[in-house]
Amino acid sequence: MADNVAALSVDGKTYELPLTTGTENETAVDISSLRAKSGLITLDQGFKNTGSTKSAITFLDGEKGILRYRGYTIEELAEKSSFLEVSYLLIHGELPTPEQYDKFKKEITVHTLVHEDIKNILDGFPSNAHPMGVLSSLVCSLTAFYPKSLDPNRSTEEVNLSIVRILAKMPTLAAWSYKNEVGHPVNYPDNSLDYCSNFLKMMFALPAEKYEVDPVIADALDKLLILHADHEQNCSTSTVRIVGSSQASLYSSISAGINALWGPLHGGANQAVIEMLEKIKADGGNANKYIEKAKDKDDSFRLMGFGHRVYKNFDPRAKIIKKAADNVLDKLGINDPILEIAKGLEEAALRDDYFVERKLYPNVDFYSGIIYRAMGIPTEMFTVMFALGRLPGWIAQWKEMRENNEPIGRPRQVYTGHNERPYQGIDKR
Ligand code: CMC
């Protein structure tokens with residue numbers, strides 16, 4: 001047998017399956033020929049150990065706590081880069097030259113305004129609508145305003161224009177989803193401001209008051225967005241790729257990704273963490289009580305912001321965010337008792353055998369909400385902030401999937417229902 005094949009023996013027959021190795025020496029058994037050779041399929045619920053694609057965008061080593069975008073470490077990017085530069089890197093594969101960066105920034109600035117009719121759609125939502133539902137609907141509605149975007153095969157120029165438009169308009173749509181919730185008039189983009197400052201102004205400026213963007217908040221937001229920008233084949237990104245694999249448009253694929261992100265086991269965890277910390281505070285701040293609840297298999301309570309499908313050592317993003325939370329609260333002169341509760345909970349969990357044995361560590365969502373709170377961002381908007389950050393990653397992954405001409409995503413199943421049986425219902429004859 002050759003070195004670069006795996007052998008699978010079933011009922012005395014051996015099937016050879018090729019191995020494929022990535023640039024970081026991760027090896028996979030390529031089972032795509034298995035069914036044709038043997039009639040067998042593989043089963044892996046939740047895709048816990050199944051690669052869905054080959055990708056050159058993000059590398060993640062969950063055991064070593066490594067995260068790199070296009071080869072650059074998250075630590076270095078968070079310290080030295082900006083969200084727009086990282087967006088360019090993810091989408092186009094390389095860091096931009098100063099000229100390329102200038103052009104990219106200008107293009108995005110030019111497209112920040114949304115069609116005035118989008119306000120009519122916004123007006124149709126009740127004011128208690130969750131901003132994530134509003135955002136995904138508004139993003140999908142862009143297909144109506146830009147019908148040429150519907151066919152992703154139309155031209156590279158059209159696809160690039162769609163990419164620029166969604167990057168430019170997302171802060172506007174995100175801020176408007178919040179304005180709808182609080183019942184305030186929307187603010188229009190201010191193109192004299194940078195990406196994050198423009199978003200903050202659209203979020204917080206009120207007609208009757210003067211609003212100045214605090215650079216500490218704008219910088220912290222930029223760093224948070226970088227940390228969220230991509231995370232290889234997670235639930236929402238896989239959703240974007242699989243929706244896009246049917247040749248659906250970029251806007252509808254991203255809208256689907258926003259919905260997948262919303263759940264509390266994924267991006268919605270940042271909202272759930274703060275709600276959990278508030279609950280612990282109101283209940284006297286006893287971290288141990290909640291650690292015990294999380295360990296109790298008869299109790300549905302989970303320690304939100306803890307655990308990760310791939311990080312089994314630490315989440316490098318959480319390390320950076322924990323430090324940033326201390327820094328931002330300190331600079332803004334905020335003393336949030338929730339931060340102390342979070343640190344106490346982390347310490348107690350990291351000493352507890354249940355969490356140690358299962359390798360459960362704080363993830364990106366554990367401390368991010370504390371920073372968002374300090375910035376004045378309301379809890380229901382936290383996952384919208386995650387979506388804003390993840391956008392360039394979704395775009396890059398959608399673009400890569402299209403450029404690689406990947407086939408439509410269509411998993412198989414092991415059927416466990418009834419065998420054929422005669423009809424016994426209310427016969428209409
Ligand atoms: N609290 C208590 N127990 C937990 C937790 C938790 N947060 N997370 C996992 N476990 C236990 C789980 O009960 C299981 O125990 P056992 O082996 O005894 O059955 C074991 O750890 C393995 O967990 P799993 O649910 O099989 O692991 P998974 O890879 O399917 O789920 C997860 C990963 C992130 C959904 C899960 O850890 C979780 O629900 N965490 C809380 C939600 C959260 O913070 N999500 C944000 C993830 S990071 C942001 C993002 O990119 O989405």
Side-chain angles (χ1 to χ4, degrees), residues 44-50 57-58 60-63 65-67 69 74 132 224-241 257-277 279-280 287-322 342 345-372 379 382-394 397:
D44 177 17
Q45 284 179 355
F47 307 112
K48 290 201 171 192
N49 198 38
T50 296
I57 301 171
T58 289
L60 198 166
D61 184 327
E63 272 70 35
I66 293 173
L67 174 61
Y69 301 157
I74 191 68
M132 279 297 275
L224 279 170
L225 297 187
I226 293 174
L227 295 174
H228 285 89
D230 194 46
H231 213 232
E232 51 120 298
Q233 308 311 317
N234 55 80
C235 174
S236 57
T237 302
S238 303
T239 301
V240 169
R241 283 185 88 123
I258 294 171
N259 288 326
L261 186 74
W262 194 355
L265 298 190
H266 191 11
N270 55 15
Q271 173 174 342
V273 168
I274 288 290
E275 286 165 356
M276 173 187 77
L277 294 173
K279 201 168 151 199
I280 298 176
N288 286 328
K289 177 177 167 188
Y290 285 85
I291 297 277
E292 291 310 313
K293 270 169 79 62
K295 287 156 55 175
D296 181 355
K297 295 287 176 203
D298 295 325
D299 190 327
S300 62
F301 177 79
R302 273 197 166 198
L303 210 54
M304 299 314 287
F306 253 76
H308 200 275
R309 171 60 61 77
V310 280
Y311 290 123
K312 300 298 174 195
N313 180 333
F314 64 93
D315 181 338
R317 303 166 301 172
K319 264 195 177 176
I320 303 173
I321 291 185
K322 184 179 178 184
L345 202 59
E346 178 186 351
E347 267 171 38
L350 296 185
R351 275 197 311 265
D352 193 291
D353 284 350
Y354 173 96
F355 291 88
V356 174
E357 278 161 18
R358 288 168 182 76
K359 300 187 172 161
L360 302 170
Y361 294 87
N363 58 49
V364 68
D365 291 322
F366 196 64
Y367 286 104
S368 63
I370 294 172
I371 309 188
Y372 290 140
T379 315
F382 289 1
T383 317
V384 169
M385 306 307 295
F386 195 149
L388 200 56
R390 185 53 54 86
L391 179 64
W394 287 332
Q397 300 270 352

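We count ligands from 1, going down the list as the structure has it; atoms in each ligand are counted the same way.
- Applying the ring pair (Phe, Tyr, Trp, His ring centres under 6.0 Å) criterion to Phe301, with sequence neighbours excluded, gives Tyr290.
- You'll find the ring centres of His231 and Tyr311 inside the 6.0 Å limit.
- Between the side chains of Asp44 and Thr50, a donor-acceptor pair is found at a separation under 3.5 Å.
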Could you go through Thr58 and Asp230, starting from their C-alpha distance and side-chain angles, then the distance that decides it, and tell me whether this counts as side chain to side chain donor-acceptor pair (under 3.5 Å)?
CA-CA 7 Å; Thr58 289; Asp230 194 46; 2.6 Å; yes

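- Around the CG atom of Asp299, the shell of radius 6.0 Å holds more than 12 heavy atoms that belong to other residues, nucleotides or ligands.
- Crowding of Phe47 atom CZ: a count of heavy atoms from other residues, nucleotides or ligands under 6.0 Å not exceeding 12.
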Need the list: ligand 1 N/O atoms against protein N/O atoms, distance under 3.5 Å, rounded to one decimal.
{"from": "ligand 1", "atom 1": "1 (N)", "to": "Leu303", "atom 2": "N", "distance (Å)": "3.1"}
{"from": "ligand 1", "atom 1": "3 (N)", "to": "Tyr354", "atom 2": "OH", "distance (Å)": "2.9"}
{"from": "ligand 1", "atom 1": "7 (N)", "to": "Leu303", "atom 2": "O", "distance (Å)": "2.7"}
{"from": "ligand 1", "atom 1": "7 (N)", "to": "Phe306", "atom 2": "O", "distance (Å)": "3.0"}
{"from": "ligand 1", "atom 1": "13 (O)", "to": "Lys297", "atom 2": "NZ", "distance (Å)": "3.0"}
{"from": "ligand 1", "atom 1": "13 (O)", "to": "Arg302", "atom 2": "NH2", "distance (Å)": "3.2"}
{"from": "ligand 1", "atom 1": "15 (O)", "to": "Lys297", "atom 2": "NZ", "distance (Å)": "3.1"}
{"from": "ligand 1", "atom 1": "15 (O)", "to": "Arg358", "atom 2": "NE", "distance (Å)": "3.2"}
{"from": "ligand 1", "atom 1": "18 (O)", "to": "Lys297", "atom 2": "NZ", "distance (Å)": "3.0"}
{"from": "ligand 1", "atom 1": "18 (O)", "to": "Arg358", "atom 2": "NE", "distance (Å)": "3.0"}
{"from": "ligand 1", "atom 1": "18 (O)", "to": "Arg358", "atom 2": "NH2", "distance (Å)": "3.0"}
{"from": "ligand 1", "atom 1": "25 (O)", "to": "Arg302", "atom 2": "NH1", "distance (Å)": "3.2"}
{"from": "ligand 1", "atom 1": "25 (O)", "to": "Arg302", "atom 2": "NH2", "distance (Å)": "3.0"}
{"from": "ligand 1", "atom 1": "26 (O)", "to": "Lys48", "atom 2": "NZ", "distance (Å)": "3.2"}
{"from": "ligand 1", "atom 1": "29 (O)", "to": "Arg309", "atom 2": "NE", "distance (Å)": "2.7"}
{"from": "ligand 1", "atom 1": "30 (O)", "to": "Lys48", "atom 2": "NZ", "distance (Å)": "3.4"}
{"from": "ligand 1", "atom 1": "30 (O)", "to": "Arg309", "atom 2": "NH2", "distance (Å)": "3.0"}
{"from": "ligand 1", "atom 1": "39 (O)", "to": "Arg302", "atom 2": "NH1", "distance (Å)": "2.7"}
{"from": "ligand 1", "atom 1": "40 (N)", "to": "Phe306", "atom 2": "O", "distance (Å)": "2.9"}
{"from": "ligand 1", "atom 1": "44 (O)", "to": "Gly305", "atom 2": "N", "distance (Å)": "2.8"}
{"from": "ligand 1", "atom 1": "44 (O)", "to": "Asn363", "atom 2": "ND2", "distance (Å)": "2.9"}
{"from": "ligand 1", "atom 1": "45 (N)", "to": "Leu265", "atom 2": "O", "distance (Å)": "2.9"}
{"from": "ligand 1", "atom 1": "52 (O)", "to": "His266", "atom 2": "ND1", "distance (Å)": "2.5"}

